[in-house]
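Shown next, in structure tokens, is the structure this report addresses.
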Amino acid sequence: MQDTRGAMDKERSTSQRNLRSFPYELRTFPSRVVDGGVPVEVARWQDAVSLGFHGDSTSGDDAVKFYATSEEVDGRMATGAYLKDAAAPAGAWGLEYPVATYAYHRKTLNVGGGTLLPVHQITAVTVRPSHRRRGLLRAMMGSDLAQAKAAGIPIAALTASEATIYGRFGFGVATHACDIEVAVKGGLEFIVPASASQGVVEIADATAVRDLHNGVFARVHGNTFGSIGRQDMYRMQASGQGNYGTLEPVKNIRAALHYDAAGAVDGYVTYKPVRDQAVPTVEVVDLLAATDAAYLALWNYLGSLDLIDVVKWGMAPLVDPLEWAMAAKRLYKRTAVEDHLWLRILDTPAALAAREYAVDGTVTVHVGDPLGHASGIFRITVVHGKATVTRCPEDGSVPVGLGMGVSELSSLYLGGVTARTLQAAGRVREEEAGAVAMFDALFATSVSPHCLTAF
Ligand SMILES: CC(C)(COP(=O)(O)OP(=O)(O)OC[C@H]1O[C@@H](n2cnc3c(N)ncnc32)[C@H](O)[C@@H]1OP(=O)(O)O)[C@@H](O)C(=O)NCCC(=O)NCCS
């Protein structure tokens, strides 16, 4: 458990240090198109983002308009850090280029029981190499999380380029994504063949997926525990019709749609052959299935691709029904498991009251938060699967069951890990015998959380 007071002192002294030596101004504006053109500040900001992620220069081409148009749909708000009281040397990028970038859009997180909770999704975090490790990320994150909290958003989220950056800001790993390789030479066999052959799978132009994406995703999002909203760009990248880095349609992306018994599309897969592999392979670009039947039928289709020995997918769930449907389980190989969705609780009572619980009971948790947003002692009382979360006095009058930091609570929130595991990892402290077991009984979920969105 983090020592809240010590952490807050450290935070205060860090921000005081930054105040003294922080020659930057943070400005926030919408990423959008105005009168058919991209405002200069948005264009310069896009260039800085592309620099940070080692993308191509976007100066003066149509890419910026394409990005801004898509981001406007998401209501994306961009923040730039600009040098103030300085002059740029001749020939160098001018002061209108931010030295650091950061953005958010707000969509929803499926926390189970049919609840879609508003979520603050952070993206486009970059710091110019010549300005790194001077506290720019810390300043942007601190200011943004405080504003999200003030706006009443109970939880923030991101997907991380590196696993070591965001824990210090209170984020915890909530879901994982797996790279899988399924050997399909000669076709996939299923233990219950009828379960993988319901409905119809047909080929379509990839552009059909661009148009179907939002409808299919809305269904998947609504019934997938741990799913987070997708940005507008997804329908383009899923269908190969353009993405950050390229506007050109990808010509070797193929699409197959799944139709249910009534003839409605309830899933699709887009995929492309990978020609430089020794083993004939296709890679799944995107796979969405609103029903179990669609999921298995689309895999049945992928297993029927002649001349292909292996199908790879980088977004498989940690617990995958496909693996249990296959006649030969060992033909399903999980080649990598990586942290995927990171959550950061901002409002502990609101976040905890929003999800549903497996059993009734009570547990009292002391939460530490270096930024102060989620900290306190909270009594969680579950009756009929719904929690009442009460903030308790911190004067020692209320016995605490267990203690943890907000990063740990955020990882435990969707049940992707147990308190017992985090206790064994030295990250959760049991103060009262049985509290860890009670916490795990309450937070247990019948399905493993899975998020199909990277942002
Ligand atoms: C990651 C990145 C944004 C960090 O920005 P920065 O301004 O250098 O970070 P700060 O100076 O504010 O550092 C804040 C803290 O994070 C730590 N930190 C920053 N980057 C880190 C990294 N890559 N790995 C581990 N720790 C890191 C710092 O040591 C510092 O720690 P402390 O304050 O607890 O002592 C920057 O290096 C970058 O642009 N990287 C390339 C793009 C990228 O990966 N973006 C993230 C996308 S999810």
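First listed ligand is number 1; within each ligand, the first listed atom is number 1. Computed from a prediction, not measured in an experiment: that's the story for all the values here.
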Q. Between His340 and Thr175, do the side chains contain an N or O donor and an N or O acceptor separated by less than 3.5 Å?
A.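 There is no such pair between these side chains.
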Regarding [atom]: of the candidates [options], which has the closest heavy atom?
atom	options	result
atom 34 (O) of ligand 1	Met140, Arg128, Arg168	Arg168
atom 48 (S) of ligand 1	Phe53, Tyr102, Tyr166, Phe169	Tyr166
atom 21 (C) of ligand 1	Arg134, Arg133, Met141	Arg133

Which of the ligand 1 atoms, numbered from 1, are nearer than 4.0 Å to a heavy atom of [X]:
X	value
Arg132	8 (O)
Val125	3 (C), 42 (C), 43 (C), 45 (N), 46 (C), 47 (C)
Val127	3 (C), 5 (O), 6 (P), 7 (O), 38 (C), 39 (O)
Glu162	23 (N)

Q: Test Ser143 against Gln147 for side-chain hydrogen bond (donor to acceptor under 3.5 Å, both in side chains), laying out the working first.
A: CA-CA 6 Å; Ser143 145; Gln147 287 178 51; 3.2 Å; yes
Q) Under 6.0 Å between the ring centres of Phe378 and His366? A) no
Q | Test of ring centre spacing under 6.0 Å for Tyr82 and Tyr24 | A |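 Between Tyr82 and Tyr24, the centre distance exceeds or equals 6.0 Å.
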Q: Using a 4.0 Å heavy-atom cut-off, say whether Thr159 meets ligand 1 through its side chain, its backbone, both or neither.
A: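 Contact part for Thr159 vs ligand 1: backbone (N, CA, C, O).
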Please check whether [X] reaches ligand 1 - meaning an N/O of the residue sits under 3.5 Å from an N/O of the ligand, judged on distance alone.
X	result
Gly135	yes
Thr126	no
Leu137	yes
Arg138	yes

Q) Can you name the one residue among Leu422, Val428, Asp369, Ile345 that meets side-chain contact (heavy atoms from CB on, under 4.5 Å) with Leu409? A)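 That would be Ile345.
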Q: Give me the one residue out of Asp144, Ile155, Leu158 that meets side-chain contact (heavy atoms from CB on, under 4.5 Å) with His120.
A: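 With His120 as partner, Asp144, Ile155, Leu158 yield a single side-chain contact (heavy atoms from CB on, under 4.5 Å), made by Asp144.
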Q: Could you tell me which residues satisfy ring-ring contact (aromatic ring centres under 6.0 Å, His included) with Tyr357, sequence neighbours excluded, listed by chain and number?
A: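 Per chain and number, Tyr357 pairs via ring-ring contact (aromatic ring centres under 6.0 Å, His included) with Phe443.
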Q. Going by heavy atoms, is Thr123 under 4.0 Å from ligand 1?
A. no
Q: Look only at the side chain of Arg134 and the backbone of Ser130, and say whether a donor-acceptor pair between them is shorter than 3.5 Å.
A: yes
Q) So Tyr244 and Tyr67, would you call those rings parallel, tilted or perpendicular, with 30° and 60° as cut-offs? A)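 Ring orientation, 0 to 90° scale: tilted.
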